[in-house]
Amino acid sequence: MLLNEWNGVAASVNFNLDILVGEYAAVVSGQARVLDFGCGYGRITEQLYHSGFENIVGVDSSEQMIARGREDFPYLDLRHYTGQVLPFQNNEFDAVVACAVFTCITDTPSREKTIKELWRVLQPGGTLYLAEFCSEQSIRFTSGFGIAMWHSREQELHDMLDGFDIMLSRVTDASTISGQAGEACHLIARKRS
């Protein structure tokens, strides 16, 4: 589902896009079963853990990112997976978080497949949180790390969420991984029953 180009930079990269924890905690219980999809080395998983979320699983397709996360945060449940299908049952999670994941999925069909898979593992009425770099103009480029990226327009991110009702959409200032000034779109959506 997600490519593992991050293996080569896993030891040196430090992600910096944050989620809006207060807004998230207002709609997701600390007891919820949460999936941190595309967790990298577990930075957001760890942030949620220290914010009182007790039942979190982080998954990523980069073996080296997961290895780093297990070393940095040995108390977290971080798992490597490969393939198109997540190793979870239908409706297994109350909530899913994806932070800067769709920024790294640079074609529409792959984004659609990924959203469908997240929809599958999310229970009816469950919450999806996306935090993605965005731009007024849709921009595809290769990052300084050699990773293909897509800074979508806010509407492009909305358009991905078929089967969800958007509860919050907010664009904030954000620095890119290379330190450039940019913007991020934060979307909280509920899976339709």
Just verifying a value: how many Å separate Ile56 CD1 and Leu48 CG, rounded to the nearest 0.5 Å?
5.0 Å

Inter-residue atom distance Glu183.CD - Cys134.SG, 0.5 Å rounding
5.0 Å

Could you go through the side chain to side chain contact (heavy atoms under 4.5 Å, CB included) check for Val34 and Val57 one step at a time?
CA-CA 6 Å; Val34 178; Val57 175; over 6 Å; no

Report yes or no: do Glu23 and Tyr129 form a side-chain donor-acceptor pair below 3.5 Å?
no

Is any side-chain heavy atom of Leu86 less than 4.5 Å from a side-chain heavy atom of Phe37?
yes

Please find the pair of heavy atoms, one from Phe133 and one from Ala174, that lie closest to each other, and give the distance.
CE2-CB, 4.1 Å

Ring centres of Tyr49 and Phe73 under 6.0 Å apart?
no

Would Val97 and Leu17 show up in the same hydrophobic cluster when neighbours are defined by side-chain heavy atoms closer than 4.5 Å?
no

Ser29: what forms a side chain to side chain contact (heavy atoms under 4.5 Å, CB included) with it, not counting sequence neighbours?
Gln31

Between Arg111 and Glu156 (salt bridge meaning N to carboxylate O under 4.0 Å), is one present in this structure?
no

Grouping I, L, V, M, F, W and Y whenever their side-chain heavy atoms are under 4.5 Å apart, do Val171 and Ile166 come out in a common cluster?
no

Looking only at heavy atoms, the pair that brings Asp60 and Cys39 closest together is OD2-N, 3.3 Å

How about Trp150: does its CH2 atom have over 12 heavy atoms from other parts shown lying under 6.0 Å from it?
yes

Would you compute the distance between atom CG of Leu118 and atom CG of Leu122 and round it to the nearest 0.5 angstrom?
8.0 Å

Could you pull out all residues at least two apart from Asp77 that satisfy salt bridge (Lys or Arg N to Asp or Glu O under 4.0 Å)?
Arg79

Tell me, with the steps shown, if Ser169 and His158 meet side chain to side chain donor-acceptor pair (under 3.5 Å).
CA-CA 9 Å; Ser169 181; His158 285 213; 2.7 Å; yes

Decide yes or no on salt bridge (charged side-chain N to carboxylate O under 4.0 Å, His left out) for Lys113 and Asp107, but give the supporting numbers first.
CA-CA 10 Å; Lys113 287 178 187 173; Asp107 68 274; over 6 Å; no

Going from CG on Leu187 to CG on Leu128, what distance comes out if it is rounded to the nearest 0.5 angstrom?
8.0 Å

How about Gln155: does its CD atom have over 12 heavy atoms from other parts shown lying under 6.0 Å from it?
yes

Pairwise side-chain contact, Gln47 with Asp18, heavy-atom cut-off 4.5 Å (strictly under):
yes

Joint cluster assignment, Leu168 & Tyr24, ILVMFWY side-chain distance < 4.5 Å:
yes

Without swapping roles, check the side chain of Thr176 against the backbone of Gln180 for a donor-acceptor pair under 3.5 Å.
yes

Going through the checks in order, is the side chain to side chain contact (heavy atoms under 4.5 Å, CB included) test met by His80 and Thr82?
CA-CA 7 Å; His80 175 252; Thr82 57; 3.4 Å; yes

Mind running side chain to side chain contact (heavy atoms under 4.5 Å, CB included) on Glu136 and Glu154 for me, showing each step along the way?
CA-CA 8 Å; Glu136 287 185 20; Glu154 183 179 8; over 6 Å; no

Applying the side chain to side chain contact (heavy atoms under 4.5 Å, CB included) test to Met160, which of Thr114, Ile115, Ile105 qualifies?
Ile115

Is there a path of hydrophobic side-chain contacts, each under 4.5 Å between heavy atoms, that joins Phe164 and Phe93?
yes

Between the side chain of Ser62 and the main-chain N/O of Met65, is any donor-acceptor distance below 3.5 Å?
yes

Closest heavy-atom pair and its distance - Ala98, Phe102:
CB-CE1, 4.2 Å

Using a 4.5 Å cut-off on heavy atoms from C-beta on, say whether the side chain of Asp36 contacts that of Leu78.
no

Please name the pair of heavy atoms, one in Arg120 and one in Lys191, separated by the smallest distance, quoted to 0.1 Å.
O-NZ, 4.2 Å

Any donor-acceptor pair under 3.5 Å linking the side chain of Asp94 with the backbone of Arg33?
yes

Examine Ile139 and Ile147 and state if one hydrophobic cluster contains both, with Ile, Leu, Val, Met, Phe, Trp and Tyr joined whenever side-chain heavy atoms are less than 4.5 Å apart.
yes

Find the distance between CD1 (Ile188) and CG (Asp165) and round it off to the nearest 0.5 Å.
14.0 Å

All heavy atoms of Gln137 vs all of Arg153, minimum pair found to be C-CG, 4.0 Å

Within the 4.5 Å heavy-atom criterion, are Gln89 and Val121 side-chain neighbours or not?
no

Checking side chain to side chain contact (heavy atoms under 4.5 Å, CB included) for the pair Glu132/Cys99: CA distance, chi angles, key distance, verdict?
CA-CA 6 Å; Glu132 301 296 335; Cys99 183; over 6 Å; no

Does the plane of the ring in Phe15 sit parallel, tilted or perpendicular to the ring in Tyr41? Use 30° and 60° as the thresholds.
parallel

Rounded at 0.5 Å granularity, tell me how far CZ in Arg140 sits from OG in Ser152.
7.5 Å

Counting only heavy atoms not in Asp162 (residues, nucleotides, ligands), do more than 12 fall under 6.0 Å from its CG?
no

Dump the intermediate steps for side chain to side chain donor-acceptor pair (under 3.5 Å) on Thr127 and Arg190, then the final yes or no.
CA-CA 5 Å; Thr127 304; Arg190 194 164 311 280; 3.2 Å; yes

A side-chain contact here means heavy atoms from C-beta on lying under 4.5 Å apart; do Cys185 and Leu130 qualify?
no

For Thr172 and His186 the tightest heavy-atom approach is OG1-NE2, 3.1 Å

